[in-house]
Amino acid sequence: MTKRGIGFAIVCTFLMLGPANADTIAVIGTGGVGSALGPHFAAAGHTVVYGSRSPETSEVQALVKETGHGATATTQATAAKNADIILLALPWAPTKAIVEGLGDLDGKIIIDPINALAFGPEKSVGLAATPSAAELIQAWAPGAHVIKAFNTLTRAFMVDSTAAGGPITIPLAGNNAEAKARVAALVEAVGLVPLDVGLLDHARAVEAMGQLYVAQGYQGRTRYEFQLRPR
Ligand SMILES: NC(=O)c1ccc[n+]([C@@H]2O[C@H](COP(=O)([O-])OP(=O)(O)OC[C@H]3O[C@@H](n4cnc5c(N)ncnc54)[C@H](OP(=O)(O)O)[C@@H]3O)[C@@H](O)[C@H]2O)c1
């Protein structure tokens, strides 16, 4: 077979079988973050299932249509049940109850993009979860592999990373190396640059980056990005 023929065969096989590590990804929450990341995950060849409080509404169905690639929407628990990876695209306040309602999460990867913030007087922004949101989620789902990711940039650059005009670093904290590598591949699929910053007990530092990000909004800077360049 010619080189061109081999290339054509590889493309056909990819289209038939999908990427080597195609996962089912439950995107729990169809707001700003879920609707930004879900379409990228689907375009990368993963099966996206939105887990929503109201999967039948026209808004959620419009997101399903926009996402394409066989995406669907269902309840939170049904989405999680069939998933390899779960993105918690949720406000912090209901997260404990939602995680506890998702059923058996053993062996699943949980991506936590949450900024659990406490807003005080005089433009003060504090961290609301101790030791960190990610470690609390890990405690609520001890058999899962929690990875902190995607909390340090604004939604606009999740939708279109090129709009930032330069690379955006996504720090990843988590205890399971294989899970972290799979989340790193998802970060790359969004056009962002993953950086392994160590174990989950570093999540508070990553959450403090989110705190700083939001605090910068009070200074009128709502669209700056983090770029960490290891040498
Ligand atoms: N927006 C950003 O730029 C950004 C950037 C980085 C990190 N984050 C963090 O990512 C998380 C999600 O942010 P987001 O912008 O996607 O938030 P959002 O627009 O408010 O959406 C959150 C989604 O969570 C679901 N949900 C389930 N229970 C809920 C409840 N009791 N109250 C409200 N919503 C509930 C809803 O989806 P259903 O109606 O389908 O259930 C809702 O659309 C937050 O923790 C945020 O701090 C946000």
Side-chain angles (χ1 to χ4, degrees), residues 18-19 22-95 97-99 101-102 108-117 133-134 137 146-164 168 170 172 182-194 206-207 210 213-214 217 222-226:
D23 285 308
T24 296
I25 303 179
V27 175
I28 310 294
T30 59
V33 170
S35 65
L37 296 181
H40 284 297
F41 296 164
H46 302 288
T47 301
V48 168
V49 185
Y50 291 102
S52 174
R53 295 168 299 174
S54 51
E56 303 304 333
T57 56
S58 55
E59 290 84 359
V60 175
Q61 287 304 314
L63 175 61
V64 165
K65 194 170 170 199
E66 178 204 325
T67 303
H69 302 280
T72 53
T74 181
T75 63
Q76 295 165 343
T78 304
K81 186 176 180 210
N82 300 314
D84 308 294
I85 299 175
I86 298 168
L87 172 71
L88 296 178
L90 296 166
W92 176 237
T95 296
I98 291 173
V99 168
L102 291 182
K108 296 180 191 283
I109 297 171
I110 294 179
I111 304 174
D112 163 24
I114 294 170
N115 281 314
L117 300 173
I137 293 167
V146 177
I147 308 293
K148 189 82 200 181
F150 292 117
N151 68 307
T152 53
L153 77 168
T154 193
R155 176 189 191 272
F157 298 142
M158 296 180 193
V159 173
D160 178 10
S161 63
T162 65
I168 301 173
I170 301 298
L172 303 177
R182 282 163 72 183
V183 176
L186 292 176
V187 168
E188 286 171 347
V190 180
L192 304 164
V193 183
V206 180
E207 291 177 11
Y213 200 111
V214 173
T222 55
R223 286 200 173 186
Y224 74 97
E225 303 309 319
F226 289 107

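We number each residue from 1, following the sequence as shown. Scope of the values below: all heavy atoms of this structure, side chains included, with no hydrogens, waters or symmetry mates.
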**Asked** From Ile137 CD1 over to Ile86 CD1, what is the distance, rounded to the nearest 0.5 angstrom?
**Response** 11.0 Å

**Request:** Please examine the side chains of Leu88 and Val99, heavy atoms only from C-beta on, and report whether any two atoms are closer than 4.5 Å.
**Result:** yes

**Complete:** The side-chain hydrogen bond (donor to acceptor under 3.5 Å, both in side chains) partners of Thr47 (sequence neighbours excluded) come to none

**Request:** Quick one: do Leu153 and Leu192 satisfy side-chain contact (heavy atoms from CB on, under 4.5 Å)? Show the steps, please.
**Result:** CA-CA 10 Å; Leu153 77 168; Leu192 304 164; 3.9 Å; yes

**Asked** Given the rule in the side-chain contact (heavy atoms from CB on, under 4.5 Å) test, do Thr74 and Val49 qualify, once you have shown the distances and angles that lead to the verdict?
**Response** CA-CA 7 Å; Thr74 181; Val49 185; 3.6 Å; yes

**Item:** Close side-chain approach of Val206 to Asn151, heavy-atom, < 4.5 Å
**Value:** yes

**Asked** Quick one: are Val187 and Phe150 in side-chain contact, heavy atoms under 4.5 Å?
**Response** yes

**Complete:** Sorted by chain and number, sequence neighbours left out, side chain to side chain contact (heavy atoms under 4.5 Å, CB included) with Lys81 holds for none

**Asked** Which pairs pass ring pair (Phe, Tyr, Trp, His ring centres under 6.0 Å) with one or both residues in residues 55-95, sequence neighbours excluded?
**Response** Trp92-Trp140

**Message:** Between Asn115 (side chain only) and Leu117 (backbone N and O only), is there a donor and an acceptor less than 3.5 Å apart?
**Reply:** no

**Asked** Side chains of Pro194 and Glu188: does their closest heavy-atom pair fall under 4.5 Å?
**Response** yes

**Asked** Listed by chain and number, what are the side chain to side chain contact (heavy atoms under 4.5 Å, CB included) partners of Asp84, not counting sequence neighbours?
**Response** Asp23, Thr24, Arg182

**Prompt:** Would Glu225 and Thr152 count as a side-chain contact (heavy atoms from CB on, under 4.5 Å) if you check the C-alpha gap in whole Å, the side-chain angles of each, and the deciding distance to 0.1 Å?
**Reply:** CA-CA 8 Å; Glu225 303 309 319; Thr152 53; over 6 Å; no

**Request:** With sequence neighbours excluded, tell me which residues meet side-chain hydrogen bond (donor to acceptor under 3.5 Å, both in side chains) with Thr78.
**Result:** Thr75

**Message:** Test of understanding: with side-chain hydrogen bond (donor to acceptor under 3.5 Å, both in side chains), list the residues that count as partners of Glu207, not counting sequence neighbours.
**Reply:** Lys148

List the atom pairs, donor and acceptor, that lie under 3.5 Å between side-chain atoms in residues 58-65 and the rest of the protein, sequence neighbours left out.
| unit_1 | atom_1 | unit_2 | atom_2 | d |
| --- | --- | --- | --- | --- |
| Gln61 | NE2 | Pro55 | O | 2.7 |

**Asked** Can you name the closest pair of heavy atoms from Gly45 and Ala22 and give their distance?
**Response** O-CB, 3.7 Å

**Message:** Donor-acceptor check, side chain of Ser54 to backbone of Glu56, threshold 3.5 angstrom: yes or no?
**Reply:** no

**side chain to side chain contact (heavy atoms under 4.5 Å, CB included) partners of Ala163, counting only residues at least two apart** = Phe157, Asp160

**With sequence neighbours excluded, residues passing ring pair (Phe, Tyr, Trp, His ring centres under 6.0 Å) with Tyr213** = Tyr224

**Request:** Would you please name every residue forming a side chain to side chain contact (heavy atoms under 4.5 Å, CB included) with Pro94, sequence neighbours left out?
**Result:** Pro91, Ile98

Name the atoms and distances for all side-chain donor-acceptor pairs under 3.5 Å in residues 33-44, with sequence neighbours left out.
| unit_1 | atom_1 | unit_2 | atom_2 | d |
| --- | --- | --- | --- | --- |
| Ser35 | OG | Gly31 | O | 2.7 |
| Ser35 | OG | Gly32 | O | 3.3 |
| Ser35 | OG | Arg155 | NH2 | 3.0 |
| His40 | NE2 | Met158 | O | 2.8 |
| His40 | NE2 | Val159 | O | 3.0 |

